[in-house]
Structure formats: C-alpha cells, structure tokens
Amino acid sequence: MSDETNRITQLEEILAHQAKTIEELSDQLAEQWKIVEQMRTKLDRLTERFLSLEEQSLDAPAITRPPHY
C-alpha cells in the first residue's frame, strides 16, 4: 500500500500545483482584460475626436491664392 499512498500523494501535489497555476493565470487574464477595456475606451474617445476634427476640416474653406497674386 505504500506505493499507492505515494502515488496518491504525488497526484494530490500535482493537482494542488495545477490549481494554483490556473488561479494565477485567471488573475492575470482578469488584469489584462481591464487593460484591454481601458484601451478600448480610449480608442473610442480618440475615434470620436478624430471624426469631429475631420468634419470641422471639411467645413473649412479651401485655401486659395489671395486676389493680389
């Protein structure tokens, strides 16, 4: 029974290590997701700003040569 006990102990150690690894990866994924959401928000704001500036530049009169040239 000693072999079986050692084997079960090894399996429990492996399981505990894998559970810890999964928890760490889950935490990292959650942190990265927060960063992605922040970047998405910034990108949306920049896109809106760019479109606004683009509309303003389309409304501006064309640059022409002054009449005295």
Side-chain angles (χ1 to χ4, degrees):
M1 278 239 209
S2 179
D3 273 348
E4 289 179 13
T5 305
N6 287 338
R7 187 170 179 216
I8 290 174
T9 303
Q10 287 177 338
L11 290 174
E12 288 175 343
E13 289 174 359
I14 290 170
L15 179 63
H17 177 68
Q18 288 178 345
K20 181 182 176 194
T21 301
I22 290 170
E23 186 175 337
E24 289 173 353
L25 289 172
S26 178
D27 292 344
Q28 289 177 358
L29 182 62
E31 185 64 31
Q32 289 178 355
W33 189 253
K34 287 179 189 176
I35 293 170
V36 167
E37 286 298 320
Q38 290 171 352
M39 293 175 74
R40 184 177 293 159
T41 301
K42 287 180 183 180
L43 178 62
D44 289 344
R45 284 195 308 242
L46 286 173
T47 301
E48 289 175 14
R49 185 173 177 192
F50 174 77
L51 292 174
S52 173
L53 289 173
E54 187 177 43
E55 287 176 7
Q56 290 175 2
S57 70
L58 292 176
D59 295 342
I63 299 174
T64 59
R65 292 174 49 176
H68 62 277
Y69 277 104

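We're numbering straight along the sequence, starting at 1.
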Please round to the nearest 0.5 Å and tell me the distance separating atom [atom1] of [X] and atom [atom2] of [Y].
{"X": "Arg7", "Y": "Thr5", "atom1": "CZ", "atom2": "OG1", "result": "12.0 Å"}
{"X": "Leu46", "Y": "Leu53", "atom1": "CG", "atom2": "CG", "result": "10.5 Å"}
{"X": "Thr47", "Y": "Glu54", "atom1": "OG1", "atom2": "CD", "result": "11.0 Å"}
{"X": "Lys42", "Y": "Gln38", "atom1": "NZ", "atom2": "CD", "result": "6.5 Å"}
{"X": "Phe50", "Y": "Glu55", "atom1": "CZ", "atom2": "CD", "result": "10.5 Å"}
{"X": "Thr9", "Y": "Ile14", "atom1": "OG1", "atom2": "CD1", "result": "11.0 Å"}

In terms of side-chain geometry, is the basic nitrogen of Arg40 or Glu37 positioned less than 4.0 Å from the acidic oxygen of its partner?
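Looking at Arg40 and Glu37, the cut-off is met.
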
For a side-chain contact (heavy atoms from CB on, under 4.5 Å) check, start with the C-alpha distance between Met39 and Leu43, then their side-chain angles and the critical distance, and finish with the verdict.
CA-CA 6 Å; Met39 293 175 74; Leu43 178 62; over 6 Å; no

Derivation and outcome, side-chain contact (heavy atoms from CB on, under 4.5 Å), residues Glu23 and Asp27
CA-CA 6 Å; Glu23 186 175 337; Asp27 292 344; 4.3 Å; yes

